[in-house]
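Below is one structure; the comments refer to it alone.
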Amino acid sequence: MSHSPKAPALRMGIPIPNSKLGMWLFLGTEIMFFTAFIGSYIVLRLGSRGWPTDYNDTHINVLLGGVNTFVLIVSSYCVVVAHEAMALKNFARARQFLWVTLILAFVFLGIKGVEYKGKIDHDILPGRIPETASQAVKKVSNQLEELVRERFSRYIDAGVVSYPQPGDILNVANLIREIPNGERPNELTTEQFEQWKTSAAADYALFLKWQDLHEHVVANVSLEYPAAPAGFLEARTKLKAGEKPPEITLDETRKRLNEMKANEQYGALVSAHVFDPHPIVYGNIFASTYFIMTGFHAIHVIVGMILFIIVLKQGSALNEKWTDWVENSGLYWHFVDLVWIFLFPMLYII
Amino acid sequence: MATITPALDTHTHDDHAHGHGHHEQSFISKYVFSTDHKVIGIQFLITTILMLMVGGALALAVRWQLAFPWENMPIIGRLFGLFQTEGGQISPEFYTMLFTMHASVMIFLVIIPVLAGAFGNFLIPLQIGADDMAFPVLNMLSYWFMWPAILCFGISFVAGGATAGPGNGWTSYPVLSDIASAAPGSGAAQTWWLFGLTLVGVSSMMGSVNYMTTIINMRAPGMTLFRMPLTIWSMFITAILQAFALPVLTAAGFMLVFDRLHELLPTSIHSGFFIPSGLVVNNAAPTVGGGQPLLWQHLFWFYSHPAVYIMLLPAMGMVSDMLSCMSRKPVFGYKPMVYSMAAIAGLGFIVWGHHMFTSGMNPALGMTFMTSTMMIALPSAIKVFNWIGTIWDGNIQFNAVFLNCAAFVALFIVGGLSGIFMAAVPVDIYFHDTYFIVAHFHYVLFGATLFGVFAGIQFWFPKMFGRLMSDRVQKVHFVLTFIGMNGTFFPMHLLGIAGMPRRYADPYLHGYLEHLLPMNQFMTISAIVMGCAQFLLLGNFFYSIFRGEKCGRNPWQANGLEWSAPSPPGHGNFDVPPVCYRGPYEYSSPEAEALGQDFILQTSPPPAGVVRTAVAHH
Amino acid sequence: MKKFWALFFWFWPLVALWLCAVAPANNWWFPSPPLSTLGHQIDGLFYLILIIVTVTFVGTQFALGYALWKGAVKEPSGKAWFSHGSHKLEIIWTIVPAFILVFISLTQLDVLAEIRVLSNFPKEARNAPVAEVMARQFEWRIRYPKPGTQLMTEPRPGDLYYVNEVHVPATQPTMINLRTQDVQHAFFVPRLRVKQDAVPGLIIPVWFEIEKAGEYELLCAELCGWGHYKMKARIIAETPEQVQAYLARLEQEQNDDGVADEQSSQ
Amino acid sequence: MSDEHHSSHHVNYLTIFFVLCGCTALSVAFDVLHFAKPVTMVLVLAVACAKAMCVMMYFMHLKFEGNWKFVLLAPTTILAIGLPLALFPDIGSSYYTPTAPQVGVWADEIAEYEQHDAAEQAEKQ
Ligand code: HEA
Ligand code: HEA
Ligand code: CUA
Ligand SMILES: [Cu+2]
């Protein structure tokens, strides 16, 4: 370097190493990165007329969040101790504490995973949450449709029925209805065919249930949107002509769904494929902000873990050359902790 | 003092010390994946000059459509015709793609990387007397992140099929950019465009942390903050702007990507930050969301307004250096220049709303943003007056470097003054999204920044390659570009006043604009002249790398530390570790006169006895 | 040659000024004088800024050219003026522009408040929006309230619809509700100096008072897709009676090809 | 030169650690206690700020750094607070067309609450 160590008095700048200065500057940029997310969250939340806070809507568990906060604080503590040990050249101790940090990071991610699973199990995912009763009804109908299509495609795949447009669900349904009365295709043994016959009856029954629901849904939706997409136009003309099937309420849908679930032929299928309708006002924007903030935080956790793994890979060869590294990854780790310190009250408590 | 013609200078050391940094390096590690800031700077420079050609070609296609709507394009048309069934004819969605990509290339692949990437990299260590950047590997990565970005932008041209490049403007406002059914270019093409944007951001990010660290911590002994050349100050302030503004854009970009997740992956999961619910776009099913499109505009401009100063400040710094050198005079008001740059940066963070005056923004915000925007003209004014003061009564060297710098000042005034109209909300209500805006930003971006870059290329070329560019060719280039530039962009003010909206594939569809066709044709011809002139620059640049006149360390007889290093500097830059004894602009000072010259290098020690105080100062 | 460069930098601002001076005569200026009350105020502010800016432009470009000229006529052995700047000058050229800029800002505030602050809208306009203008790729859909009723945010039976043509009364303050069905658009009427974005998810009231009956072109001024340039529509300003008559005609037409029983209910 | 300043300022990290744990417990307690919404909000955010200060001051050693920390952190903090504030008038307080699906639902819900409240009132009297 031009400013050789021989003339330290002449060194310009501030008395911290480049790497630490760089890390601090980088953390400054990170603050702005999270500011964008957190700021958007705050204003979007304030701008909405209601925000899901009920546990049944959000499946946010304060206790899990609290434990995770605790986990991060312990890990932060371990990092400072590790760094202190590095500075005192007690590398074995430093390694111990870094290991604890790393393990705690895994624990954090594990708990995070549990939380995410809770949301996935209830389909609290952005873009998939019904916000109004009619959207909830529609979602049930859509999921039933998916199920019906899936069931029907089995017949086509197995060659029990054949139809040039397997997507044309109405005509396929007619064919399936006829299976119990029809001839056995040659490829199938009688035994197999008997099985198909029973399932055909069940699937057709399910189809009818779905179709009935669907008609109501179309009526509902087309009423809601004045300039609705093409599929609904037809329904609208019908509506004009007075053929309006009655609107269906959410309660009615729930009742029907429960009936379907109780059915012994196809109930298990329905339970597995169709979520209970549960409209959450502003649920989608809530889930969007929740996942983007915790998601990017989790990514930062993973990056921090990588930094620690690199140190730990040195094993017993760890030496004072790594002190700066540990200090800087420690700074980074504290920042990750800091973000969580703010996310915790904002997401879990308020 | 005699007029200085750039030539072999006799004042400084010979050129022999050059070889000292030659370690045996393979070609790859020396010229391709190099960690040497000079090589990286030159890589950035050459890449951006090539990208300037790409962006310029796209601009000419835009101009073609505006002058000869729906007519087959001559040469370029056939080029693009490769992708397109209509032959050489521009379809309207293709037009949206043209100006989107023109702006994206020019801003993200030309102006920002040429200023920060090329000049920042090349000049920072040299001007502060460091042997390299603080984090050389990071520096190399910042260049090599450009290529994936260029690749993504490239893919975005073709990702959506023949005519469906990204077509949402460089501002990429949702909901248009958010929903695939909204436009032909809003599908895969838009996604790739966003990836490109993010990668450019990562590249700039790495650069800016590096620049700040280097400037804060790696200055040569004696190089106090107020002895730094204005170039360094401008790079420093630019880096701060980038560091604080860019993450917000990156975050917003991620939000937009997640809003579009269901268009990217086979899933129905997608966020809704910028999508209100219940919109029916192009007869698709009603949107699911709950977000607000204005959020994007705020976040985008929170970055992109500071970004326009990112695109200007470094040029301002470099021009200050060059004007001072070419006038053989100190910069007029060095400290006010520094403070005004800092003020521009500070104010630059609180004016972003002036891009949203007609967007339905809260009027109280509108008033605040208007006032702050007006105030930002103040530091700009200080700078303009100080530049004129710098030239005033100087011993002016009328070479192309100086002419380009003078053009920078002249054209920046035009661009800045048109900004005043737009800063006034009621007037902007009329001017928003008309060609008046297009005139404004081409004056500041092309008129100011690019002319500054043209000057900078010629000025530091000797340091990069040890040879001079032909001044005569540069003068011809200057005249043609200057005339072409004004011919193209000045009439745009009038088009704007006449109410011609921007981003129109065919404005003449509207009766009250029909009579503007001849003027547009004139502008297109000017643009072609200007475009052709760029081949002079290109030719001169590449010819001079190999055949230019050789020169010594300090062909311009300038003061900065970089001029005390060999041309080109070897690995590690300085053969003699530099110590800085004075400010960078002591041209024609009594001290210099005492040596019988009109410049005095920052490294040249004062007469014995003064040394101690000068250095111990810190 | 040096003098040539100085003259060059003096010459081009003259060309620019000349171009601006001849522009109005060549129709390279505003499409027409402002034809709304707010338009007058906007143009007034424009000309105010134009004067200030022209003076600044001439002054700075002249000074720049003069500095070059001084350099050009300096004898080759001349010595540059060694100066690091002047405190007094810095202060002057900070304070003078500051005053000018603050002055410009202050002159804008009233007009801005008049245009954009809802509580400042003329009462009669605010209380009775004449129509909802719904932008859509790539047309304008107009919805008038059923004659004799108020405009509601949600469509009502009996509302009247039309595409790409807005009939509004002239010579009285008029307000429309602007919204969009899909992406962002902007409602731009050059001769009235009116511009307002239509933002997805918002209903934005826009008011103007047209001074003269006639036809005004309405364009879209926010990029909204490939057909952005062709969102061409008209505003037709006429007397209130004519508007009434127009709406009656519209009602007639709409009911004619509507369903029969709706007609009988009229 | 990296380690000279650590050894000189010895901090009892364990104390800080316990303070942080206590704060976390406090936040959870505030949630369980069910104060009025704004009160909880202020309380937990205050606790979060206190925790952040502890982490920054001691774990990140800011207390022992030179004045550069202010130069670096002041602008960041101002921007980080300023951005949401500037977004507020547009995003945080403006709203949506009344025809957006959620708005209708929300209106229903409010009506329900109001009915409920009215019923309660009636009962009391
Ligand atoms: C290098 C880039 C650059 C620079 C430096 C500037 C500088 C300025 N810009 Fe510009 N701007 C852009 C790039 C830039 N801009 C771009 C790219 C867009 C369009 C984006 C898009 O929509 O695509 C834009 C758009 C834009 C708008 C939005 C218009 C709209 O869309 O409706 C506004 C509005 O206020 C504005 C204002 C200003 C102002 C007041 C300055 C000031 O900083 C200028 C200050 C300078 C001077 C004023 C001149 C010198 C001063 C004097 C000679 C002193 C005396 C002067 C007076 C007393 C008046 N700009
Ligand atoms: C640094 C930025 C920069 C630069 C340098 C330029 C340079 C030019 N720009 Fe552009 N421009 C923008 C930034 C820039 N622009 C931005 C941000 C927009 C807004 C986009 C939006 O609305 O989203 C815009 C929009 C824009 C429009 C408006 C489009 C519209 O709204 O409909 C127009 C129209 O004339 C235009 C023209 C030009 C021209 C003629 C040049 C000329 O200066 C170019 C001169 C040419 C060269 C310098 C290169 C020479 C190359 C050749 C001769 C090519 C030959 C090579 C091959 C055939 C391979 N630009
Ligand atoms: Cu509608 Cu542009
Ligand atoms: Cu701006």
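Just so it is clear: chains get the letters A, B, ... in the order the sequence lines come, proteins before strands, and each one is counted from 1.
- Heavy atoms of C:Glu222 lying under 4.5 Å from chain B belong to its backbone as well as its side chain.
- In this structure, B:Phe332 and C:Trp93 have tilted ring planes: the angle between them lies in the 30° to 60° band.
- Only the side chain of C:Ile115 comes within contact range of chain B, with at least one heavy atom under 4.5 Å from a heavy atom of that chain.
- Using a 4.5 Å cut-off between heavy atoms, C:Leu89 touches chain B through its side chain atoms alone.
- In this structure, no portion of B:Tyr339 lies under 4.5 Å from any heavy atom of chain C.
- Contact annotation for C:Val102: both backbone and side-chain heavy atoms come within less than 4.5 Å of a heavy atom of chain B.
- Heavy atoms closer than 4.5 Å to chain C are found in the side chain of B:Asn486, but not in its backbone.
- Both the backbone and the side chain of C:Ser86 come within contact range of chain B, each with at least one heavy atom under 4.5 Å from a heavy atom of that chain.
- Looking at B:Leu176 and C:Gln137, their side chains come closer than 4.5 Å, going by heavy atoms from C-beta outward.
- Heavy atoms of C:Gln108 lying under 4.5 Å from chain B belong to its backbone as well as its side chain.
- For the ring pair (Phe, Tyr, Trp, His ring centres under 6.0 Å) test, no residue two or more places apart in sequence or in another chain qualifies with B:His432.
- Within a 6.0 Å sphere centred on CZ of C:Phe11, heavy atoms belonging to other residues, nucleotides or ligands number 12 at most.
- For C:Val53, the parts sitting under 4.5 Å from any heavy atom of chain B are the backbone and the side chain alike.
- Ring pair C:Phe82/C:His84 is perpendicular by interplanar angle, where above 60° counts as perpendicular and below 30° as parallel.
- For chain C, no part of B:Met500 is nearby; none of its heavy atoms comes within less than 4.5 Å.
- For a residue to count as touching a neighbouring chain, one of its non-hydrogen atoms must lie under 4.5 Å from one of that chain's; by this rule B:Phe482 touches chain C with the side chain only.
- For a residue to count as touching a neighbouring chain, one of its non-hydrogen atoms must lie under 4.5 Å from one of that chain's; by this rule C:Lys74 touches chain B with the side chain only.
- Taking the six-membered ring where tryptophan is involved, the planes of C:Phe46 and B:Phe431 are perpendicular, since the angle between them exceeds 60° and thus also 30°.
- The candidate from C:Ile204, C:Val111, C:Leu112 with the greatest count of non-hydrogen atom pairs under 4.5 Å with chain B is C:Leu112.
- Using a 4.5 Å cut-off between heavy atoms, C:Phe30 contacts chain B through both its backbone and its side chain.
- Counting heavy-atom pairs under 4.5 Å between each of C:Ala186, C:Pro200, C:Cys220, C:Gly225 and chain B puts C:Pro200 at the top.
- Salt-bridge annotation for B:Asp598 and B:Arg328: present, with a side-chain N of the basic residue lying under 4.0 Å from a carboxylate O of the acidic one.
- With chain B as the partner, the residue from C:Ala198, C:Ser32, C:Pro31, C:Ala6 showing the most heavy-atom pairs under 4.5 Å is C:Pro31.
- With a 4.5 Å cut-off on non-hydrogen atoms, C:Lys195 touches chain B through its backbone and its side chain both.
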